[in-house]
Amino acid sequence: MNDLGRIEDLPAEYVAALTERNLVPLWPSLRGVMPANTPRPRTVATHWPYQGLRPLLMEAGRLTPIEKAERRVLVLANPGHGLEKMQASSAMYLGIQLLMPGEWAPAHRHTPNAVRMIIEGEGAFTTVEGEKCPMSRGDLILTPTGLWHEHGHDGTDPVTWLDVLDLPLVYYLEASYHVNGSAQPVSPERGDELHAVGGILPTPFFQRSEKAYPVLRYPWASVRAQLLHMAHSHPYQESIQVTYINPNTGQDALNILGFYALMLKPGQRLTLPTRSTAVVFHLIEGGVQVSQPGHECRLDEADTSCAPGYVQVTLTNLRQDQPSFVFMADESPLQKKLGIYEVRS
Ligand code: 1HN
């Protein structure tokens, strides 16, 4: 690979003449924007242990009333991007949100897509476009782009969840904004009930949903049971994983980010394919070692970590007698649409 000319190699008057006309020579920066063979992600492997952040989140509950926060969230920021950027990877934002009993996080809608993975507490709910979605540990709730959503809490203990948004990408596209609304009337229709059984769809003359996002809530009890069935019926299948999809299209549940649940059998060590997308790991149940070049971490329940794209990640179930369950998010729907998705192993 030949060395390209540097900016210092050019006469200062020439560079000044370019600058004055809003012009830049490409060659000094060409290798930077397009390195040889593999990108150099800013995203660095990062681990956010839940037990370390939980007391600080509860303190936020005491320090800042919900009215002053709208959404009371501690953002899981990737130091490789700079904490102030509030991004976990190039396209993914992560935060842990707290709602105290009786609190209400008012209705709004926005261009970024969001999902919530419920961590702890009972009695809270998210209402999305009039559909009231109960929140229980491990449930995945979608708030796709443009849909009204608000959170309420009728229970007695704090409720927390992991928010995953494509905010960094939508912000980068200069397309991020929100609209405030008022409390939504709740309709009795529940997409998760209409689509409770895989392989069948409500038929059009009956009540086939014309909604773009017919399922907004994926109950953990069903996903967990499905993973256990898969492990039982396919004992030689190495990776026991499901993708959260939109049942009307069979495609990913949201347009930009992908969501998955993975079961690791007792003691299982699983090397994931090396792919072009960053990945977020969040432990729903068990104990898992996450190994990647130069970084090891142990995920305990409700811990979150991330890996940049183009690195090999190995997950090891630290429990010898029980499965562990990992929720994952990545940028593959976006990368596939753009034609830049790669698997390298
Ligand atoms: C948002 O609307 C929520 O609705 C959570 O709970 C986190 C982070 C950035 C922008 C909007 C929510 C968010 C957010």
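For clarity, every value in this text was computed on a predicted model and none was experimentally measured. Just so you know, ligand 1 is whichever comes first in the structure, and atom 1 is the first atom listed for that ligand. Sequential numbering from 1 along the given sequence is applied to the chain's residues.
- Considering only non-hydrogen protein atoms, atom 4 (O) of ligand 1 sits nearest to Arg71 NE, 2.8 Å.
- The 12-atom threshold is not exceeded at OH of Tyr171, counting heavy atoms of other residues, nucleotides or ligands nearer than 6.0 Å.
- Within ligand 1, the atoms closer than 4.0 Å to a non-hydrogen atom of Arg116 are 4 (O), 5 (C), 6 (O), 12 (C), numbered from 1 in the order shown.
- When His110, His178, His151 are checked for heavy-atom proximity to atom 6 (O) of ligand 1, His151 turns out nearest.
- Heavy-atom separations between His108 and ligand 1 include at least one value shorter than 4.0 Å.
- Scanning all protein heavy atoms for the shortest distance to atom 9 (C) of ligand 1 gives Leu167 CD2, 3.7 Å.
- Proximity of Thr38 to Arg344: side-chain heavy atoms (C-beta onward) are separated by under 4.5 Å at one or more points.
- Neither the backbone nor the side chain of Thr143 comes within contact range of ligand 1; no heavy atom lies under 4.0 Å.
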Go through it in stages, so that I can follow the logic: the residues are His153 and Trp104, the test is ring-ring contact (aromatic ring centres under 6.0 Å, His included), and I'd like the CA-CA distance, side-chain angles, deciding distance and then a yes or no. CA-CA 7 Å; His153 188 0; Trp104 182 60; over 10 Å; no
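- Contact between Glu150 and ligand 1 is absent, with no heavy atom of the residue lying under 4.0 Å from the ligand.
- In the hydrophobic clustering of ILVMFWY residues, with side-chain heavy atoms under 4.5 Å counting as a link, Val164 and Leu169 come out together.
- Between Trp220 and Phe325, the ring planes lie perpendicular to each other; the angle is over 60°, past the 30° to 60° tilted range.
- Hydrophobic cluster membership differs between Val280 and Leu299, with clusters built from Ile, Leu, Val, Met, Phe, Trp and Tyr side chains linked at under 4.5 angstrom.
- The nearest heavy-atom contact from the protein to atom 14 (C) of ligand 1 is Leu165 CD2, 3.9 Å.
- For the 3.5 Å distance criterion, the side chains of Ser332 and Tyr260 qualify, holding a donor opposite an acceptor.
- Counting the atoms of ligand 1 from 1 in the order shown, those under 4.0 Å from a heavy atom of Asp163 are 5 (C), 7 (C).
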